[in-house]
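Here is the structure we will look at.
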Amino acid sequence: MSRWRDRLGRAVRRRSVQGGVALLLVSGWLATGIYTVPATSVAVQSLFGAVTDGAVPPGVHWWWPRPFGRVDRVEVTRTFSLGLGFKVDKTGETAGFDPVESRWLSGDTNILHLRSKVGWRISEPVRFLFRVDDPARVLRMAVGTAYTETMSAMPVDDVLTTGRLVLREQVRTRAQEMLDAWQVGIEVLSVNLESVDPPPVVLKAFQDVQDARADRERLVSDAESYANTTIPLARGEAEKLQHEAESFRIERMQAAEADADRFARLVVEHDRSPTLLEKRLYLETVERVLPRVKRYVLEPGNANSMPIRILE
């Protein structure tokens, strides 16, 4: 009887130890479900492969550990960079110029070497994690397709000069449209052109064209500057001559009106006393004329006499 009692006690103790170990293992397994989310990220929780929460905020949280549950952290505030036309190393960083990937064709069938950097961020964590296998590769394909479509509709001169801003904006818009249609969960923030150059074999010819265009623009600018300086001066001189002519006209008209008025008054006086007026006019005329003439005195009746000038 005691033997059965001892055997039962040993079994109970064994069961207790096994239960304690099992409880300890379960507690440790559950403790592995505690996780933290950084301030720059959100977490995506899934249970048995189904997403239960796609935007767990930063902080300390608990979720069912593997293999039942899964937690993926996604940086949603960080801006990532994608290089196009560059070689990329194993870490994803640009490591130099890629002469093959950088070749693009313009609308007038000119080859250009283009290097671009695209800034992007994760806008929808669930789609970014589970919609496609390699979102960065899909982004590269979308941006490359957008560049192909946009540059094929632009002449080379626009791509090299004034059309760069339009090219960047159209590429960003078109790439975003494709990413939204594919539901990748990526937002394209910016598209920057690092360089756009013709192939080395024709670089000098392109440079000559650019220099000629720059000279043309400089000459046009100089001509416009000269015109902007000369035209106001000419207009001012013309206005000055017009004012002087108008002043001369008014002065002559006033003088003519005054002479006409004086002559009308003389006519009236002549009608009253012709002899007296004629004599007065004669004397006034002589008074004005004599001071300006030379006067000589000759002895009458002597042809050989020398003239004597009277000096005043």
Side-chain angles (χ1 to χ4, degrees), residues 37-58 61 63 69-94 98 100-107 112-155 158-159 162-196:
V37 180
T40 60
S41 306
V42 297
V44 177
Q45 294 180 167
S46 58
L47 185 62
F48 298 109
V51 176
T52 59
D53 193 343
V56 180
H61 307 275
W63 188 240
R70 175 178 172 178
V71 175
D72 295 282
R73 299 171 185 84
V74 180
E75 292 185 273
V76 294
T77 61
R78 176 184 171 186
T79 299
F80 299 88
S81 180
L82 171 69
L84 202 66
F86 296 92
K87 293 180 180 178
V88 181
D89 56 20
K90 295 180 179 180
T91 62
E93 298 295 330
T94 56
D98 187 344
V100 176
E101 189 186 46
S102 65
R103 291 179 183 175
W104 302 90
L105 198 65
S106 66
L112 294 173
H113 288 292
L114 181 146
R115 283 172 287 183
S116 175
K117 284 190 176 181
V118 179
W120 60 279
R121 73 176 188 90
I122 302 171
S123 59
E124 298 180 62
V126 176
R127 290 181 174 177
F128 180 80
L129 290 172
F130 304 112
R131 187 68 180 180
V132 295
D133 294 334
D134 191 350
R137 180 171 173 271
V138 174
L139 173 62
R140 180 179 293 275
M141 292 172 55
V143 174
T145 302
Y147 264 118
T148 301
E149 293 180 358
T150 306
M151 289 188 62
S152 62
M154 297 178 65
D158 290 350
V159 177
T162 59
R164 292 195 178 192
L165 183 60
V166 176
L167 174 64
R168 289 164 46 192
E169 184 58 29
Q170 290 184 355
V171 168
R172 189 196 67 81
T173 303
R174 180 58 183 142
Q176 189 64 59
E177 291 175 352
M178 287 186 284
L179 293 172
D180 292 342
W182 299 336
Q183 299 180 357
V184 183
I186 289 178
E187 179 184 1
V188 180
L189 300 176
S190 63
V191 175
N192 297 320
L193 287 174
E194 299 293 317
S195 65
V196 181

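- Rounding to the nearest 0.5 Å gives a distance of 10.0 Å between CG of Leu84 and CG of Leu193.
- Between atom CE of residue Met141 and atom CE of residue Met178 there is a gap of 9.5 Å, rounded to the nearest 0.5 Å.
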Identify each donor-acceptor pair in which a side-chain atom of residues 44-52 lies under 3.5 Å from a protein atom, sequence neighbours left out, and give them as a table.
residue : atom : partner : partner atom : Å
Gln45   : OE1  : Tyr35   : OH           : 2.5
Thr52   : OG1  : Gln45   : O            : 3.3

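- Distance alone, capped at 3.5 Å, places no donor-acceptor pair between the Ser152 side chain and the Ser106 backbone.
- Looking at every heavy atom in both residues, Arg131 comes nearest to Gln183 through CG-O, 2.9 Å.
- Looking only at distances, a side-chain donor or acceptor of Ser116 sits under 3.5 Å from a matching main-chain atom of Asn192.
- Between the CE atom in Met151 and the CG atom in Leu112 there is a gap of 4.5 Å [rounded to 0.5 Å].
- Heavy-atom minimum distance, Trp104 versus Gly144: CZ3-O, 3.3 Å.
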Checklist entry - Please walk me through it: do Val191 and Tyr147 pass side chain to side chain contact (heavy atoms under 4.5 Å, CB included)? => result CA-CA 10 Å; Val191 175; Tyr147 264 118; 3.2 Å; yes

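- At least one donor-acceptor pair closer than 3.5 Å links the side chain of Gln176 to the backbone N or O of Ile186.
- No side-chain heavy atom of Arg78 sits under 4.5 Å from any side-chain heavy atom of Thr40.
- Formation of a donor-acceptor pair under 3.5 Å by the Arg73 side chain with backbone atoms of Val37 is not found in this model.
- Glu187 pairs with exactly one of Arg172, Arg127, Arg121 by the salt bridge (charged side-chain N to carboxylate O under 4.0 Å, His left out) rule, that one being Arg121.
- Ser41 and Pro58 make their closest contact through O-CG, 3.5 Å (heavy atoms, listed as atom of the first residue, atom of the second, distance).
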Next on the checklist: For Val118 and Phe80: C-alpha separation, side-chain torsions, deciding distance, then whether side chain to side chain contact (heavy atoms under 4.5 Å, CB included) applies.
Outcome noted: CA-CA 8 Å; Val118 179; Phe80 299 88; over 6 Å; no

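- Side-chain N or O atoms of Thr150 include one that pairs as donor or acceptor with a backbone N or O of Ala146 at under 3.5 Å.
- Within the model, atoms CD of Gln170 and OG1 of Thr173 stand 7.5 Å from one another, a figure rounded to the nearest 0.5 Å.
- For the atom pair CG (Asp134) and CZ (Arg140), the distance works out to 10.0 Å, reported to the nearest 0.5 Å.
- Under the side-chain contact (heavy atoms from CB on, under 4.5 Å) rule, Trp120 has a single partner from Leu189, Leu139, Val184, which is Leu139.
- Across Ile122, Asp72, Val76, a single residue satisfies side-chain contact (heavy atoms from CB on, under 4.5 Å) together with Phe128, and that is Ile122.
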